[in-house]
Amino acid sequence: MGWSESAMIAGARDVGVSPAIVGAFPRKEAALVEFFMDDCLQQLIDRIDAGEGELLKNLSQPANISTSLKQRAVLVDEIWHAAGDAGSDIDWYVKRTVLGGIYSTSEVYMLTDNSPDFRDTWTFVSRRIKDALDLQKTFQEAAYLAEAVGAGMGGSLQGVLNRLFKK
């Protein structure tokens with residue numbers, strides 16, 4: 001059934017609630033995914049609070065860096081696949097690098113965040129995503145400018161060469 005309205009209806013029946021409850025969720029599938037992600041985050045927070053944050057610190061030890069990088073690459077790749085990204089061009093690498101950077105810095109920030117419900121971490125994540133989107137826009141604008149300049153120079157260069165060789 002996956003992450004569908006029919007899965008929500010089946011879940012309601014499984015716990016003895018009327019399937020009509022699904023109508024209370026206007027975003028249906030998105031609300032289900034959001035609940036799942038919030039639940040996973042809460043489980044991670046609970047584990048960190050229980051002292052398992054030391055496990056994350058162990059991955060940063062020099063002997064464990066290759067394992068840590070491999071796991072991070074797999075996680076980031078899975079996140080992009082879940083978001084529907086199936087690209088295989090240079091953007092594939094750029095997207096994964098940017099997301100990996102956001103994820104890694106956010107994870108470190110979260111380990112030192114004492115705000116209620118990690119509000120400061122969520123603000124930090126939002127800023128990093130905005131920064132990444134702004135950077136993407138900047139790259140696109142630079143590419144358009146380079147293309148325009150290149151086209152202009154190409155036309156000018158072609159004119160000069162035509163005059164030199166009197167075609």
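Quick caveat: nothing in here was measured; it's all calculated off a predicted structure.
The salt bridge (Lys or Arg N to Asp or Glu O under 4.0 Å) pairs that include a residue from residues 109-126 number zero, where partners must be two or more places apart or lie in different chains. Counting only residues at least two apart or on different chains, no ring-ring contact (aromatic ring centres under 6.0 Å, His included) pair has a member in residues 77-97. Every pair passing salt bridge (Lys or Arg N to Asp or Glu O under 4.0 Å) that includes a residue from residues 92-101 is listed here, sequence neighbours excluded: D77-R96, D85-K95, D85-R96.
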Table please: side-chain donor-acceptor pairs of residues 33-42 below 3.5 Å, with sequence neighbours left out.
{"unit_1": "E34", "atom_1": "OE1", "unit_2": "R27", "atom_2": "NH1", "d": "3.0"}
{"unit_1": "E34", "atom_1": "OE1", "unit_2": "R27", "atom_2": "NH2", "d": "3.0"}
{"unit_1": "D39", "atom_1": "OD2", "unit_2": "Q43", "atom_2": "NE2", "d": "2.8"}
{"unit_1": "Q42", "atom_1": "NE2", "unit_2": "D46", "atom_2": "OD1", "d": "2.8"}

For residues 10-24, which side-chain N or O atoms pair as donor and acceptor with protein atoms under 3.5 Å away, sequence neighbours left out?
{"unit_1": "S18", "atom_1": "OG", "unit_2": "A20", "atom_2": "N", "d": "3.2"}

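Residue I102 is not grouped with residue L75 when hydrophobic side chains (ILVMFWY) are merged at heavy-atom distances under 4.5 angstrom, including chains of intermediate members. Two different hydrophobic clusters hold V76 and V94 under the rule that ILVMFWY side chains link at heavy-atom gaps under 4.5 Å.
The CD1 atom of I79 sits 5.0 Å away from the CG atom of L99 when rounded to the nearest 0.5 Å. Remark: K70 NZ to S66 OG distance equals 9.5 Å, nearest 0.5 Å.
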Q: Go through the steps to decide whether R127 and D131 satisfy the test salt bridge (Lys or Arg N to Asp or Glu O under 4.0 Å), and finish with yes or no.
A: CA-CA 6 Å; R127 285 195 314 257; D131 291 346; over 6 Å; no
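In the hydrophobic clustering (ILVMFWY side chains linked at under 4.5 Å, chained through shared members), F124 is joined by Y109.
Scanning all heavy atoms of the two residues, the minimum distance from V125 to S106 falls at CG2-OG, 3.2 Å. When every heavy atom of F25 is checked against every heavy atom of M8, the shortest pair comes out as CD1-CE, 3.9 Å.
No hydrogens or angles considered: nothing links the side chains of T105 and R128 as a donor-acceptor pair under 3.5 Å.
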